[in-house]
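Every chain is numbered from 1 and lettered A, B, ... according to where its sequence line falls, protein lines coming before strand lines. Because the structure is predicted, anything quoted here is derived from the model rather than measured.
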Amino acid sequence: MKIASWNVNSIKARLPLLLDWLAARAPDIVCLQELKCVAEAFPAEAIAEAGYTAAVLGQKTYNGVAILSRLPMDVTERGLPGLSGEGADEARYIEVLAEAGGGLGVVRVGSIYLPNGNPAPGPKYDKKRAFFAALTAHARTLLAREEVLVLAGDYNVIPHPRDVHDPAAWAEDALFLPESRAAFAGLVNLGFTDAIRACHAGGGLYTFWDYQAGAWPKNRGIRIDHLLLSPRAADRLTGAGIDRERRALEKASDHVPVWCTLGP
DNA sequence: ATGTCGCGACCATCGCGA
């Protein structure tokens with residue numbers, strides 16, 4: 001089965017490209033981020049016609065996450081458990097249990113839109129820090145269940161210098177600060193596998209290119225969209241990739257889809 | 001050197017977030 005994640009930067013603006021991509025790449029489960037719309041306005045009918053049911057946590061103008069599935073699923077969380085204070089009401093986490101069948105059984109999937117955190121330091125970075133703390137605690141709880149688990153989304157963290165075109169240019173950015181990278185590493189080190197890294201070595205693997213300053217034509221990208229696999233999911237990992245060609249299309253999102261495949 | 005997009009709002013340019 002194929003599990004993907006895509007920050008679409010407005011579901012309404014991206015619907016034609018989303019439907020085109022679903023038909024072309026046929027993922028079984030898709031984590032979406034930055035819907036920028038309320039649940040009532042989510043284009044559930046068009047997505048149903050493509051063969052997917054949708055679990056949606058919406059928000060007006062900002063944020064918004066969803067999980068699309070061709071398999072039966074139940075929502076297990078709307079919002080990140082344990083998150084309180086500033087930003088706790090933002091739509092940044094939704095989680096489901098999906099029935100994969102075959103040799104895979106039940107799969108738990110979380111769709112994550114982690115706060116950007118800029119400018120750092122400041123209240124926005126504090127929000128990123130708090131989200132990481134709650135996510136790490138929740139992930140620890142989930143790992144104890146020993147399920148096939150995939151936590152996928154826009155983590156807004158560049159894990160390593162090889163994941164950015166120009167590390168020096170990003171040195172002061174909240175996405176690449178040592179504290180941000182340490183928080184991401186701390187989460188991964190609970191026992192997760194970074195699916196893209198497990199399948200591909202080397203640098204130049206990017207998932208985001210800014211709309212500004214010709215970032216795409218100059219290939220000034222960063223890798224911030226990640227699929228984190230529990231040990232039982234990692235045991236089944238058969239492939240992973242980045243649908244980079246989607247960045248070249250008219251009306252493209254600034255992020256491209258990332259995906260992994262799990263065998264039976 | 002510069003270069004963007006999407007949303008929503010005092011409705012048509014601007015502030016915000018990214």
**Student:** Measure from CG on A:L35 to P on B:dC5 and round the result to the nearest Å.
**Tutor:** 21 Å
**Student:** Do any side-chain nitrogens or oxygens of A:K60 fall under 4.0 Å of OP1 or OP2 in B:dG6?
**Tutor:** no
**Student:** Nearest whole angstrom, please: distance from the C1' of B:dG6 to the CG of A:N9.
**Tutor:** 6 Å
**Student:** Please give the distance between the P atoms of B:dG3 and B:dA9 as a whole number of Å.
**Tutor:** 28 Å
**Student:** Under a 3.5 Å cutoff on both atom distances, Watson-Crick or G-U, what's the dot-bracket for DNA chain B ([ ] crossing, | other strand)?
**Tutor:** ...((((((...))))))
**Student:** Without decimals, in angstroms, what is the distance between A:R220 CZ and B:dA1 P?
**Tutor:** 11 Å
**Student:** Expressed as a whole number of angstroms, how long is the span from A:R247:CZ to B:dC5:C1'?
**Tutor:** 10 Å
**Student:** Any idea which of B:dT4, B:dA18, B:dC7 is nearest the A:Y211 side chain?
**Tutor:** B:dT4
**Student:** Can you find a side chain N or O atom of A:R14 that sits less than 4.0 Å from OP1 or OP2 on B:dG6?
**Tutor:** yes
**Student:** Round to the nearest Å and state the distance from A:Y62 atom OH to B:dG17 atom P.
**Tutor:** 5 Å
**Student:** For A:W6 and A:W21, what are the C-alpha separation, side-chain angles and deciding distance, and is it a ring pair (Phe, Tyr, Trp, His ring centres under 6.0 Å)?
**Tutor:** CA-CA 11 Å; A:W6 193 6; A:W21 173 77; 5.2 Å; yes
**Student:** So A:F184 and A:H226, would you call those rings parallel, tilted or perpendicular, with 30° and 60° as cut-offs?
**Tutor:** tilted
**Student:** Would you mind reading off the distance between A:Q59 atom CD and B:dG17 atom P, rounded to a whole angstrom?
**Tutor:** 12 Å
**Student:** Roughly how far apart, to the nearest Å, are B:dA18 and B:dA12 at atom C1'?
**Tutor:** 23 Å
**Student:** Is the number of heavy atoms from other residues, nucleotides or ligands under 6.0 Å of A:E146 CD greater than 12?
**Tutor:** no
**Student:** Taking atom types as modelled, find out whether A:S111 and A:E95 have a side-chain donor-acceptor pair closer than 3.5 angstrom.
**Tutor:** no
**Student:** Quick check: on DNA chain B, is the nucleotide nearest A:D154 upstream (toward 5') of the one nearest A:D210, or the reverse? Name the residue that is more 5'.
**Tutor:** A:D210
**Student:** Looking across every strand, which nucleic acid part, if any, lies under 4.0 Å from A:F208 by heavy atom: base, sugar-phosphate, or nothing?
**Tutor:** nothing
**Student:** Look only at the side chain of A:R14 and the backbone of A:N9, and say whether a donor-acceptor pair between them is shorter than 3.5 Å.
**Tutor:** yes
**Student:** Under a 4.0 Å threshold between the charged nitrogen and the carboxylate oxygen, would A:K2 count as salt-bridged to A:D28?
**Tutor:** no
**Student:** Distance check needed: B:dC7 C1' versus A:E34 CD, whole Å only.
**Tutor:** 11 Å
**Student:** When the P atoms of B:dC10 and B:dG6 are compared, how many Å lie between them, rounded to an integer?
**Tutor:** 22 Å
**Student:** Any chance the side chains of A:N118 and A:D173 put a donor and an acceptor closer than 3.5 Å?
**Tutor:** yes
**Student:** Mapping A:K127 and A:A213 onto DNA chain B by nearest heavy atom, which one lands closer to the 5' end?
**Tutor:** A:A213
**Student:** Round to the nearest Å and state the distance from A:I158 atom CD1 to B:dA18 atom C1'.
**Tutor:** 13 Å
**Student:** Can you tell me if the side-chain N/O atoms of A:K124 get under 4.0 Å from OP1 or OP2 in B:dG17?
**Tutor:** yes
**Student:** Does a side-chain N or O from A:K251 land closer than 4.0 Å to OP1 or OP2 of B:dG6, or not?
**Tutor:** yes
**Student:** Is the side chain of A:S10 donor-acceptor paired with the backbone N or O of A:K36 at a distance under 3.5 Å, no angle test?
**Tutor:** no
